[in-house]
Amino acid sequence: MSIKTFAAIDVGSYELSMKIFEMSRKEKLHEIDHIRHRIDLGTETYTTGKLSHEKVDELCRVLGEYADIMQTYQVSDYKAYGTSAVREMVNRAIVLEQIKQRTGIHIDVLSNSEQRFLDYKSVASRGEQFNCLISSGTAIIDIGGGSLQVSLFDKDSLVTTQNMRLGILRIREHLSQLKLKPLQYGEIIEELSAGQIEVLAKLYLKGRKIENIIIVDEYISNALAKRDRALLENYIDAGQYVSFVEEIKGHSLSEMGKLLQMPEESMFLLYISSVLVMQFQQAMGAGRVWVPGVTLCDGIGYEYAEKNKILFTNHDFEKDIIDCTQNISKRYMGSKKRGETLERIALTVFDSMKKVHGLGKRERLLLRLAALLHDCGKYITMTNVGEASYEIIMSTEIIGLSHVEQEIVANVVRYNYREFVYFESRQEGRLDKQSYLTAAKLAAILRVATALDRSHKEKFRNIVAALRERQLVLTVDTTYDITLEKGLFSSKAAFFEEMFDIKPVIKRKRGV
């Protein structure tokens with residue numbers, strides 16, 4: 001039996017942590033060590049955009065120690081990720097290069113949606129309990145240093161995910177500037193967050209019953225574990241959670257530190273986290289709270305095991321991304337029926353062109369998302385749909401996508417409506433040449449799909465795509481008059497031919 005030793009490193013806003021896992025198909029994911037070092041990166045980067053030389057030195061020193069620990073455990077592979085504190089550095093590239101040169105550790109930076117997706121996977125790693133909870137109305141509240149993420153599930157479907165700038169380090173900074181008495185903390189935290197919670201309730205909670213809250217954080221889970229480890233295995237009712245918060249509010253920070261055997265400096269962050277969750281629980285009316293005690297490192301390990309086929313899951317994470325996208329389309333009054341038609345046609349073309357376009361499973365997913373969001377810009381304007389759609393997609397969180405992937409989807413939709421702007425002529429955007437070519441290929445495919453449903457009447461019951469020499473023959477099964485589609489097809493197909501040197505042609509099925 002092959003056992004792989006893997007290290008997951010989280011360069012967080014207020015802590016640097018590493019978990020060492022042993023992985024095998026028999027034992028699955030087994031944590032063998034968890035090393036943590038308290039380092040407040042967030043306060044500096046959120047206020048100044050940079051880290052001091054002292055903080056960079058400390059970060060490098062600790063990561064160097066982590067590298068030594070990995071050697072001791074004979075770690076065969078690792079993943080290190082930076083989150084919001086690293087993401088918001090204006091000199092991020094310089095700092096990350098210093099770290100790599102001084103410690104040998106390469107750090108990738110997660111977008112907010114990628115980070116929250118990994119946190120979500122860490123909860124999903126708990127198996128049946130997670131699957132049971134999300135079958136009914138459930139909110140995952142993921143508390144970070146810079147922001148807080150709320151993801152709503154209903155009937156196993158991800159309804160929405162929303163990011164709020166209610167991170168505990170940001171709130172702590174606000175509170176420290178106000179020179180408050182301890183008794184005022186709770187009231188001010190509620191005032192800082194009430195407006196955003198109210199907007200969430202108006203937009204997404206109407207007519208939706210939230211029965212469960214799942215908390216992903218560092219401090220509440222640690223505090224409950226100090227009380228009773230069993231509290232991390234099972235959910236507690238809302239009354240128990242409120243009593244826990246009232247107890248925290250009823251003691252001084254030093255008293256709570258002694259009571260829970262936790263550093264006093266952590267108590268203020270525990271206080272903020274617990275009050276925030278109580279506000280959400282009361283606004284949603286949730287009756288049960290589950291604190292599984294997972295961290296980003298668990299999600300990193302889980303995803304690595306999944307990608308390397310060490311661990312197999314019954315949960316369809318790709319479906320979560322698609323469900324979330326469908327709900328975004330619904331919010332902007334998108335046509336679900338047409339989106340699904342374009343998706344079906346576009347995927348038929350994509351799958352028939354695998355040997356030509358050289359794209360993979362992930363790009364196929366991005367094409368699906370673009371098809372589902374193809375008309376979201378019409379919510380704003382009917383005359384400049386491409387640009388409006390681009391702005392909507394770039395401004396909307398799509399869980400699980402990187403910044404680059406989000407921009408690819410936005411450009412695919414944009415260039416489905418307007419003349420393509422070549423890489424050499426563009427004046428904006430962050431995509432490199434390869435990513436821009438990916439967007440161009442997907443846009444060319446979506447244009448062909450759009451041309452085949454020009455009338456929006458779903459004339460084609462079935463479409464078969466086949467490559468024949470330098471042609472893509474699209475055999476359609478229909479009894480409708482397709483004069484419109486044939487007449488306008490060549491203009492939409494021209495970019496496809498330019499992109500792939502393959503000419504798409506429409507052929508009616510014989511006997512129809």
Pair Q196, L200 - check side chain to side chain contact (heavy atoms under 4.5 Å, CB included), show working. CA-CA 6 Å; Q196 295 187 56; L200 179 78; over 6 Å; no
Look only at the side chain of D217 and the backbone of S221, and say whether a donor-acceptor pair between them is shorter than 3.5 Å. yes
Atom pair CZ (F280) and CG (L148), whose distance is rounded to the nearest 0.5 Å: 5.0 Å
E340 and R344 ion-paired at < 4.0 Å: no
Test item: M278 and I189 side chains (from C-beta on) under 4.5 Å apart, heavy atoms: no
Taking all atoms of both residues into account, what is the closest heavy-atom pair of I105 and A80, and its distance? CG2-CB, 3.9 Å
Looking at N212 and I134, would you say the former's side chain and the latter's main chain have a donor-acceptor pair under 3.5 Å? no
Any donor-acceptor pair under 3.5 Å from S329 side chain to L373 backbone: no
Looking only at heavy atoms, what is the nearest atom pair of A85 and L41, with distance? CB-CB, 3.9 Å
Separation of C297 SG from I20 CD1 (nearest 0.5 Å): 9.5 Å
Between L276 and the options V245, I220, I171, I141, the side-chain contact (heavy atoms from CB on, under 4.5 Å) test singles out I171
With heavy-atom distances below 4.5 Å as the criterion, would you say the side chains of I310 and F21 are in contact? no
Salt bridge or not between R116 and E397? Use side-chain N to carboxylate O under 4.0 Å. no
Parallel, tilted or perpendicular, as decided by the 30° and 60° cut-offs, for the rings of Y14 and Y219: tilted
Within the distance-only criterion (no hydrogens, no angle test), does the side chain of Q184 pair as donor or acceptor with the backbone N or O of K181 below 3.5 angstrom? yes
Flag the pair H34 / S17 as yes when at least one side-chain heavy-atom distance between them is below 4.5 Å, and no otherwise. yes
Do Q279 and S193 have a side chain donor and acceptor closer than 3.5 Å? yes
Just wondering, do Y304 and M23 contact through their side chains at under 4.5 Å, heavy atoms? yes
Shortest non-hydrogen separation from C376 to I392 and the atoms involved: O-CD1, 3.4 Å
Counting only heavy atoms not in K100, do more than 12 fall under 6.0 Å of its NZ? no
Side-chain donor/acceptor of S135 to backbone N/O of C132, under 3.5 Å: yes
Closer than 4.0 angstrom, basic N to acidic O: yes or no for D10 and R36? no
Looking only at the side chains, is there a donor atom on one of T325 and R368 sitting less than 3.5 Å from an acceptor on the other? no
Decide yes or no on side chain to side chain contact (heavy atoms under 4.5 Å, CB included) for D57 and R102, but give the supporting numbers first. CA-CA 10 Å; D57 284 342; R102 293 169 65 177; 3.1 Å; yes
Could you state the interatomic distance from CG (L431) to CG (L437), rounded to the nearest 0.5 Å? 10.5 Å
Assert yes or no for the condition that the ring centre distance of Y302 to Y120 is strictly below 6.0 Å. no
Side chain to side chain contact (heavy atoms under 4.5 Å, CB included) between I140 and F130, intermediate numbers included: CA-CA 11 Å; I140 297 181; F130 167 74; 4.2 Å; yes
Could you check if a side-chain atom of E363 sits within less than 4.5 angstrom of a side-chain atom of K441, using non-hydrogen atoms only? no
Might you work through the side chain to side chain donor-acceptor pair (under 3.5 Å) test for D154 and S157, ending with a clear yes or no? CA-CA 5 Å; D154 197 11; S157 175; over 6 Å; no
Has the side chain of Y271 got a donor or acceptor atom that lies under 3.5 Å from a matching backbone atom of G186? yes
Which value, rounded to the nearest 0.5 Å, describes the distance between L16 atom CG and I9 atom CD1? 7.5 Å
Do you know which two heavy atoms are closest between L367 and L442, and how far apart they sit? CD1-O, 3.8 Å
Check side-chain hydrogen bond (donor to acceptor under 3.5 Å, both in side chains) between T161 and all other residues, then give those that pass, not counting sequence neighbours. Q149, S151
Would V11 and T83 satisfy side chain to side chain contact (heavy atoms under 4.5 Å, CB included), going step by step from the backbone distance to the final call? CA-CA 7 Å; V11 183; T83 56; over 6 Å; no
Judged by atom type as modelled, is there a donor-acceptor pair below 3.5 Å linking the side chain of D108 to the main-chain atoms of L110? no
Is a donor on one side and an acceptor on the other found under 3.5 Å between the side chain of T47 and the backbone of E44? yes
So, Q177 versus E173: side-chain donor-acceptor pair below 3.5 Å or not? no
Can a salt bridge be assigned to the pair R364 and D351 using a cut-off of 4.0 Å between side-chain N and carboxylate O? yes
Is it true that, when you exclude E191 itself, more than 12 heavy atoms of the residues, nucleotides or ligands shown sit nearer than 6.0 Å to its CD? yes
State, without any angle test, whether S435 and D432 hold a side-chain donor-acceptor pair at a distance under 3.5 Å. yes
So which atom in V216 and which in V294 form the shortest heavy-atom distance, rounded to 0.1 Å? CG1-O, 4.2 Å
Does a side chain donor of either Q162 or Y204 reach within less than 3.5 Å of an acceptor in the other side chain? yes
Which atom names give the shortest non-hydrogen contact between R331 and T396, and what distance separates them? NH1-CG2, 4.2 Å
Strictly by salt bridge (charged side-chain N to carboxylate O under 4.0 Å, His left out), give each pair with a member in residues 289-309 just once, sequence neighbours left out. K19-D298, K121-E303, K121-E306, E303-K307
Check for a donor-acceptor pair, side chain of Q406 on one end and backbone N or O of I398 on the other, with a separation under 3.5 Å. no
Within the 3.5 Å criterion, strictly below it, is a donor on S84 or Y46 matched to an acceptor on the partner's side chain? yes
Pick out which of L133, V289, V291 makes a side-chain contact (heavy atoms from CB on, under 4.5 Å) with Y235. L133
For L203, is the CG atom crowded, meaning more than 12 foreign heavy atoms sit under 6.0 Å from it? yes
K319 atom NZ: more than 12 heavy-atom contacts under 6.0 Å: yes
Counting only heavy atoms not in K249, do more than 12 fall under 6.0 Å of its NZ? yes
Does the side chain of L63 reach to within under 4.5 Å of the side chain of I107, using non-hydrogen atoms? yes
With heavy-atom distances below 4.5 Å as the criterion, would you say the side chains of N308 and D77 are in contact? no
Would you compute the distance between atom CG of L401 and atom CG of L369 and round it to the nearest 0.5 angstrom? 6.0 Å
Do the non-hydrogen side-chain atoms of L118 and E114 ever get within less than 4.5 Å of each other? no
To the nearest 0.5 Å, what is the distance between CZ on R288 and CG on D237? 10.5 Å
